[in-house]
Novice: 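Dumping the structure here so I can ask a few things about it.
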Amino acid sequence: MPAEIDHTMTLRQRLRRARSVAVLTGAGVSAESGVPTFRGPDGLWRAYRVEQLATPEAFARDPLLVWEWYDWRRQRIAACRPNPAHQALAALEQSVAEFLLITQNVDGLHQRAGSKAVVELHGNIWRVRCTADNSVTENTDVPLGTVPPRCTCGAVQRPDVVWFGEPLPETAIARAMRAAEQCEIMLVVGTSALVQPAASLPQLTKRHRGYVIEVNLEPTPLTAYADESHYEAAGVLLPKLMASRC
Ligand code: OAD
């Protein structure tokens, strides 16, 4: 029987040679940790879609409902640990001269795995922001005692995350765009590539003659222009890529 072809081989070589790598991650990178994705079969919470909960309008209409959803997500995330995909990306950072990990995730698992150069495009679920004075504080209470939580000024707090229709933090998106333009390789892991502006970052890399590699379980809109797409679980594929670097 012929030996099985190792499709990760050239990818490994490419990464080994690269001086600058940008990584864009989505919910799929945390799926193997047990964090629910947004658009998969486990993406629904009660009967709601993410677009019905993660909006300023939903929060204005029913802050308790939105906070209940975030409280549920915080409890799920608190019980999760970084998986081999997070760990492989933390290891990749150590071996590339210029590296930036751009994540749409709010779970903090990349940092817990040891990643240092991380840009959080959509905020962080462990911070809350006052709706009156905009002060941001860490809040790791699980479960949240009082919902909605309140600022010392008495006003209701909201999760310090980006909702649909809201702009991304300026410095975060500027740093991400710079990295997308300048990197030799962009590795895109576990995102449906449906939510802007994150979904446009790999296009920016292509326009600047960078090389785009996708890792997902299935094709996405990115597949049409990615240089390579690999359909395998991130927690399986990424550690294989890193194995040869040690
Ligand atoms: P989605 O839930 O839309 O997509 C997750 C992607 O990960 C899908 O394409 C899956 O096929 C893939 N996937 C699942 N398990 C995987 C695994 N083990 N290995 C590799 N890939 C896997 O999540 P995002 O693309 O991150 O924003 O969603 C983007 C944004 O939409 C989120 O940041 C959030 C959401 O609304 C806001 O809340 C503003």
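Position 1 is the first residue of the sequence, and the numbers go up from there. Counting starts at 1 for both ligands and their atoms, following the listed order. All values below were derived from every heavy atom in this structure, side-chain atoms included, with hydrogens, water molecules and symmetry-related copies excluded.
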Novice: Report, in ascending order of atom number, the atoms of ligand 1 lying under 4.0 Å from any heavy atom of Gly190.
Specialist: 5 (C), 6 (C), 7 (O), 21 (N)
Novice: I need the contact type for His122 against ligand 1. Using non-hydrogen atoms and a strict under-4.0 Å cut-off, is it side chain, backbone, both or neither?
Specialist: side chain
Novice: Does Ala31 approach ligand 1 within less than 4.0 angstrom via side chain, backbone, both or neither, non-hydrogen atoms only?
Specialist: side chain
Novice: Between Ala233 and ligand 1, does any nitrogen or oxygen pair lie at a separation below 3.5 Å?
Specialist: no
Novice: Starting from atom 17 (C) of ligand 1, what is the nearest protein heavy atom, named by residue and atom, and what distance separates them?
Specialist: Gly28 O, 3.4 Å
Novice: Below a 4.0 angstrom heavy-atom separation, can you tell me which part of Thr37, side chain or backbone, both or neither, approaches ligand 1?
Specialist: both
Novice: Do the side chains of Arg158 and Glu166 get close enough for a salt bridge, i.e. N-O under 4.0 angstrom?
Specialist: yes
Novice: Would you check whether Trp163 has a nitrogen or oxygen atom less than 3.5 angstrom from a nitrogen or oxygen atom of ligand 1?
Specialist: no
Novice: I need the nearest protein heavy-atom contact for atom 19 (N) of ligand 1: residue, atom name and distance, please.
Specialist: Ala234 N, 2.9 Å
Novice: How far is atom 12 (C) of ligand 1 from its nearest protein heavy atom, and which residue and atom is that?
Specialist: Asn216 OD1, 3.1 Å
Novice: By number and element, which atoms of ligand 1 are closer than 4.0 Å to a non-hydrogen atom of Glu32?
Specialist: 17 (C), 18 (N), 19 (N)
Novice: With heavy-atom distances below 4.5 Å as the criterion, would you say the side chains of Tyr70 and Leu53 are in contact?
Specialist: no
Novice: Taking 4.0 Å as the limit for heavy-atom contacts, which would you say applies to Val162 with ligand 1: side chain only, backbone only, both, or neither?
Specialist: backbone
Novice: Is the closest N or O pair between Ala54 and ligand 1 shorter than 3.5 Å?
Specialist: no
Novice: Note the single closest protein heavy atom to atom 29 (C) of ligand 1, along with its residue, its atom name and the distance in Å.
Specialist: Gln104 OE1, 3.3 Å
Novice: For Val50, is at least one N or O under 3.5 Å away from an N or O on ligand 1?
Specialist: no
Novice: Among all protein heavy atoms in this structure, tell me which lies nearest to atom 15 (N) of ligand 1, with the distance rounded to 0.1 Å.
Specialist: Leu217 CD1, 3.4 Å
Novice: How about Gln182 and Ser20: does a side-chain donor come under 3.5 Å of a side-chain acceptor?
Specialist: no
Novice: Heavy-atom contacts with Ala27 under 4.0 Å: which atoms of ligand 1 show up? List them by number with element.
Specialist: 23 (O), 24 (P), 26 (O)
Novice: Can you check whether Ser135 reaches Gln157 side chain to side chain, under 4.5 Å on heavy atoms?
Specialist: no
Novice: Could you check atom 30 (C) of ligand 1 against the protein and tell me its nearest heavy-atom contact, residue, atom and distance included?
Specialist: Val195 CG2, 3.7 Å
Novice: Just need the protein heavy atom nearest to atom 34 (C) of ligand 1, so name the residue and atom and give the distance.
Specialist: Phe38 CE1, 3.6 Å
Novice: Among all protein heavy atoms, pick out the one at the shortest distance from atom 1 (P) of ligand 1; state its residue, atom name and that distance to 0.1 Å.
Specialist: Ser192 OG, 3.7 Å
Novice: Decide whether an N or O pair under 3.5 Å exists between Arg39 and ligand 1.
Specialist: yes
Novice: Compute the shortest N/O to N/O distance between Phe164 and ligand 1 and return yes if it is under 3.5 Å, no if not.
Specialist: no
